[in-house]
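For reference, positions follow the sequence shown, starting with 1. FYI, side chains are in, hydrogens and waters are out, and symmetry mates aren't considered; it's all heavy atoms of this structure.
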Amino acid sequence: MSRYLLRLLSYSLLLGMIPAILIGIVSYFIASGDIEEKVKEENMQWLTQTQMRVEQMLKSIEKSATQFANSSVVKTAMNVSYSPADFEPIRNLTAEMYNLQSSDAVITQAYLVNIERNWALNLNILKPLDQFENRQELLDYVKGPKNMQWYTGMTATNGDFTEPVEAITLVQKIPILPQTDKPQGILVIRIVASEINEALSSAASNSSYILNRSGVNILGADANKEGYEEINVALADRLHTRPDQQFGLFNMKLNGEEVAVLYRSSSYNSWTYVSVVSIGDLKKETRKIAELTVYVCAAILFIVLAAALYGSRRMYRPIGHLLEIAKGLGSSGQEQTVPRKSDELEIIKHSMQSLAKSRNHIEQQMSDQASHLKEFFVLKLFTGQLTENDYMYRSPINGFPTGWKTLGVLALQIDNLQETRYGEEDRELLLYAIGNIAQEVLPASIRFSPITINKSQVTLVATDHEEPDQVRLILYELADCIKRNAEDVMKLKVSIGISDPFIHLTGTVKAYGESLSALKARISLGPQIIVHYRDTVNNLVADQYEYTHLKVLEERLIYAVREMQPNSASQIIQQYLDALLYKDRYSHEHQTMLIQLVSRVLQIIQEQGDSLKKVFGEKWSVEGLLHLQTREEILYWFESKLFAPLIQTLSEKSETQYIKIADRLVKIIQEKYDQEISLESCAQMLNYHPVYLSRVFKREIGVPFSEYLIDYRIKMAKIMLETTNMKVSEIGSKMQYKNDSSFIRSYKKMFNITPGQYREKIMKGSTE
């Protein structure tokens with residue numbers, strides 16, 4: 001078999017086999033991946049449903065407990081010393097406690113404990129608190145940090161000495177006051193963990209369980225508690241290192257087997273819902289897919305092999321005929337230049353190209369050199385290195401225009417690359433492409449070879465007219481033609497500057513400078529313009545900056561950035577640029593003003609104690625602003641490169657700062673409520689402005705500072721009425737009220753009863 005036929009057959013086989021194999025492999029992995037993702041998604045949905053059902057159950061119990069604790073029967077009981085002889089009130093309390101059983105979960109036991117009166121009542125019996133076997137456990141609940149809290153752990157089911165079981169316990173302090181460790185009493189509601197498991201039996205799974213805030217398995221099979229300790233440790237470490245990620249999944253090795261662990265962490269009670277899926281079990285489901293894929297790929301490969309054999313032979317027949325002809329052409333000795341290991345096509349190639357190789361090579365060299373010589377000639381013309389005599393000698397050789405009367409220079413620059421698919425590194429290549437466009441749209445009889453100089457595409461145009469206005473009109477039409485074609489083909493925004501008409505070639509350098517000077521008008525007129533140099537000279541203005549107006553806009557802009565108002569900052573910077581660039585059309589003084597403005601903005605970062613590198617990144621630099629040539633580029637730079645990252649940084653810092661400030665204000669109120677404090681005094685202590693503190697406190701707490709202070713003082717006064725023998729006037733004075741009437745009025749407004757009446761009510765309750 002010939003070498004080329006063998007290669008053709010090999011290529012055909014590879015062309016058919018590789019796609020078949022790749023399709024089989026990709027389809028297998030996609031199918032197996034879909035199955036794995038579907039199982040994980042179903043398990044995550046189960047975790048979500050479990051979390052919702054458990055939390056709904058717990059919230060229902062909390063609601064029932066709160067209603068029970070706030071009931072008139074419980075409030076009355078907290079002020080009475082009961083004994084087993086008080087049958088009627090005890091029966092009412094017991095009936096109320098049994099009403100708690102109407103919640104979603106089955107309540108195993110409930111305790112109502114009066115600490116001050118030393119008695120306790122459960123669903124079965126009333127006893128003095130000292131006689132309860134789990135008295136110490138109940139008293140330990142009093143020390144809890146919150147008014148209402150859930151506990152998990154092993155406990156006795158009925159308060160006796162039966163074997164402890166896993167239980168979930170809700171403790172509600174009575175009465176419901178700000179956090180205190182000396183309540184009148186407590187309400188304890190206990191649920192055996194197995195009851196919740198039974199309530200969730202429809203979704204139960206041996207590989208799914210729940211961890212409490214301490215990392216203990218409270219709702220899961222016993223096998224999970226012992227076998228999943230490695231998972232629990234890895235999960236605890238993940239939650240510790242990623243506290244902001246409340247749910248997710250990860251893979252790990254468990255007893256030598258790879259498993260996927262899905263979890264959801266609840267912000268309600270810090271429980272974590274966990275599901276463990278075996279990766280090995282998932283892969284078993286994909287075996288049938290793998291077998292089917294192998295069969296299909298094998299069939300495709302067989303068909304490809306047969307088609308490759310037949311097609312390769314048919315395709316080789318004309319090549320064989322050409323090979324015979326090529327060998328005949330090489331009989332004169334040309335075959336000696338063909339390498340030994342060449343295939344049929346290489347032999348044909350050498351035979352057919354040997355006669356015309358030298359001629360084509362010479363013609364190509366001449367064509368390339370002619371193009372480069374033309375561009376080099378024009379470049380020397382623009383740099384002032386060519387005289388009239390040189391032009392007279394070289395013009396006929398290069399085919400430049402002849403018989404012209406006036407000349408003009410068109411200088412084209414790209415306005416903006418920031419919103420295009422190109423980068424700054426592509427600018428020179430784009431200008432070269434635009435030069436080719438100019439070479440195509442302008443007839444060779446009226447233009448010299450377009451060239452690229454200093455980020456500009458420059459074209460020297462010749463006309464046969466002498467009237468200046470008519471020449472300027474012709475130059476404008478030619479510039480518009482280049483601009484439209486460049487924008488249509490390259491999808492770029494470009495501007496063109498036109499020089500004054502001139503007669504002698506020696507004026508090309510000056511005209512080139514005039515066209516670049518005309519392009520500077522973009523800073524005030526905007527992008528995508530065609531402007532004559534003569535128009536810019538006639539419209540120069542000598543007015544000075546309106547510095548006062550710019551200063552006002554500058555201050556407004558700094559305020560908008562500090563207050564993290566991106567829309568307002570965007571509007572103000574547009575007004576600032578309108579005022580600045582209108583007065584500073586063609587000079588570079590606007591750059592000084594912009595640098596001054598950037599400096600003011602960067603001071604905000606220094607005030608926050610941050611670094612420019614942290615806010616803007618390593619590659620950020622103010623130098624980029626100095627190279628911008630249009631108003632749109634400057635506006636985009638300020639909005640995206642300066643304001644956006646700075647406002648994002650300020651926003652992230654303000655969120656944490658607001659919370660810390662509000663917490664410190666609340667702590668001051670709780671510690672110094674019986675002293676003379678005000679928002680102004682707190683502002684001095686925290687070194688903030690009072691108006692700022694007032695806004696932060698209202699935002700985080702939900703009520704004004706003064707309202708929260710009055711509310712807290714009245715609540716503390718109520719506690720003093722209950723727990724001390726101080727007079728009403730003494731309590732009012734301690735709460736910083738100037739007269740008794742103001743104190744009584746505030747107290748009655750909150751509790752619908754005067755302090756004296758409440759004290760009298762308490763005294764009557766203690767004597768009964």
Side-chain angles (χ1 to χ4, degrees), residues 58 61-101 103 107-151 155-156 158-159 167-191 715-725 751 753 758-759 761-768:
L58 300 182
I61 296 173
E62 287 183 359
K63 181 178 180 181
S64 300
T66 302
Q67 292 175 350
F68 177 72
N70 286 329
S71 65
S72 58
V73 177
V74 174
K75 289 182 178 179
T76 302
M78 288 296 102
N79 298 313
V80 179
S81 298
Y82 284 138
S83 66
D86 299 316
F87 176 75
E88 187 65 25
I90 292 174
R91 185 184 65 180
N92 294 337
L93 278 175
T94 304
E96 290 290 336
M97 291 177 67
Y98 271 103
N99 289 337
L100 297 174
Q101 295 282 8
S103 58
I107 297 175
T108 307
Q109 187 56 276
Y111 298 88
L112 178 62
V113 181
N114 191 324
I115 300 173
E116 294 181 353
R117 306 295 179 176
N118 193 33
W119 58 264
L121 174 67
N122 60 18
L123 295 175
N124 302 318
I125 191 171
L126 171 73
K127 287 183 182 181
L129 180 59
D130 296 339
Q131 298 181 14
F132 264 81
E133 292 79 1
N134 55 345
R135 170 181 176 276
Q136 188 57 47
E137 178 187 355
L138 297 175
L139 293 178
D140 289 341
Y141 291 145
V142 178
K143 302 176 183 178
K146 298 181 180 180
N147 240 8
M148 177 182 287
Q149 188 165 352
W150 287 95
Y151 296 87
T155 184
N158 297 310
I168 303 174
T169 304
L170 171 66
V171 177
Q172 169 73 64
K173 295 182 181 180
I174 303 173
I176 301 175
L177 293 172
Q179 297 179 4
T180 177
D181 58 354
K182 295 181 179 180
Q184 287 181 274
I186 58 173
L187 172 64
V188 179
I189 299 177
R190 180 165 296 152
I191 309 168
K715 290 180 179 179
M716 296 308 297
K718 182 174 182 293
I719 294 175
M720 291 183 181
L721 290 171
E722 297 171 350
T723 59
T724 68
N725 294 325
F751 295 109
I753 188 173
Y758 185 69
R759 172 65 66 79
K761 181 178 179 181
I762 293 175
M763 297 300 293
K764 288 182 180 180
S766 62
T767 57
E768 292 179 359

Undergrad: If you define the side chain from C-beta out and look only at heavy atoms, does anything of Pro183 sit under 4.5 Å from Val142?
TA: yes
Undergrad: Got a sec, which residues hit side-chain contact (heavy atoms from CB on, under 4.5 Å) with Asp130, two or more places apart in sequence or on another chain?
TA: Asn118, Arg135
Undergrad: How many angstroms lie between OG1 in Thr169 and CD in Glu137, if you round to the nearest 0.5 Å?
TA: 6.5 Å
Undergrad: Just by modelled atom types, is the Leu721 backbone N or O under 3.5 Å from a matching donor or acceptor in the Tyr758 side chain?
TA: no
Undergrad: Identify the two heavy atoms, one from Leu100 and one from Ile107, that lie closest to each other, and give their separation to 0.1 Å.
TA: O-CD1, 3.2 Å
Undergrad: Using side-chain contact (heavy atoms from CB on, under 4.5 Å) as the criterion, point out the one residue from Asn114, Leu93, Leu121 that pairs with Tyr82.
TA: Leu93
Undergrad: Please check if the distance between the ring centroids of Tyr151 and Tyr141 is under 6.0 Å.
TA: yes
Undergrad: Test side chain to side chain contact (heavy atoms under 4.5 Å, CB included) on Met720 and Arg759; report intermediate values, then the result.
TA: CA-CA 10 Å; Met720 291 183 181; Arg759 172 65 66 79; over 6 Å; no
Undergrad: So how far is it from Trp119 CH2 to Leu129 CG, rounded to the nearest 0.5 Å?
TA: 10.5 Å
Undergrad: Please name the pair of heavy atoms, one in Ala65 and one in Leu170, separated by the smallest distance, quoted to 0.1 Å.
TA: CB-CD2, 3.7 Å
Undergrad: Heavy atoms only: give me the nearest Met97-Tyr111 pair and the separation to one decimal.
TA: CE-N, 4.0 Å
Undergrad: On a heavy-atom basis, which atom in Arg117 and which in Asn79 lie closest, and how many Å separate them?
TA: NH2-O, 3.1 Å
Undergrad: Keeping to residues at least two apart or across chains, list the salt bridge (charged side-chain N to carboxylate O under 4.0 Å, His left out) pairs with something in residues 67-90.
TA: Glu88-Arg91
Undergrad: Ignoring hydrogens, what is the shortest heavy-atom contact between Gln172 and Thr66? Give both atom names and the distance.
TA: OE1-OG1, 3.8 Å
Undergrad: Any chance you could measure Ile189, atom CD1, to Leu58, atom CG, to the nearest 0.5 Å?
TA: 11.0 Å
Undergrad: Apply side chain to side chain contact (heavy atoms under 4.5 Å, CB included) to Phe68 and Leu112, showing your working.
TA: CA-CA 10 Å; Phe68 177 72; Leu112 178 62; 4.2 Å; yes
Undergrad: Between CG of Asn124 and CD of Gln109, what distance do you get to the nearest 0.5 Å?
TA: 5.5 Å
Undergrad: Take Gln136 and Asp140 through the side-chain hydrogen bond (donor to acceptor under 3.5 Å, both in side chains) test and state the conclusion after the steps.
TA: CA-CA 6 Å; Gln136 188 57 47; Asp140 289 341; 2.9 Å; yes
Undergrad: With rounding to the nearest 0.5 Å, note down the distance linking NZ in Lys182 to CD in Gln184.
TA: 14.0 Å
Undergrad: Report the C-alpha distance between Leu187 and Val171 in whole Å, list the side-chain angles of each, state the deciding distance to 0.1 Å, and finish with yes or no for side chain to side chain contact (heavy atoms under 4.5 Å, CB included).
TA: CA-CA 6 Å; Leu187 172 64; Val171 177; over 6 Å; no
Undergrad: Specify the closest pair of heavy atoms between Lys146 and Lys173, including all atoms of both residues, with the distance to one decimal.
TA: O-CE, 3.3 Å
Undergrad: Checking Glu116 now: which residues fulfil side chain to side chain donor-acceptor pair (under 3.5 Å) with it, not counting sequence neighbours?
TA: none
Undergrad: Just verifying a value: how many Å separate Ser64 OG and Asn99 CG, rounded to the nearest 0.5 Å?
TA: 9.5 Å
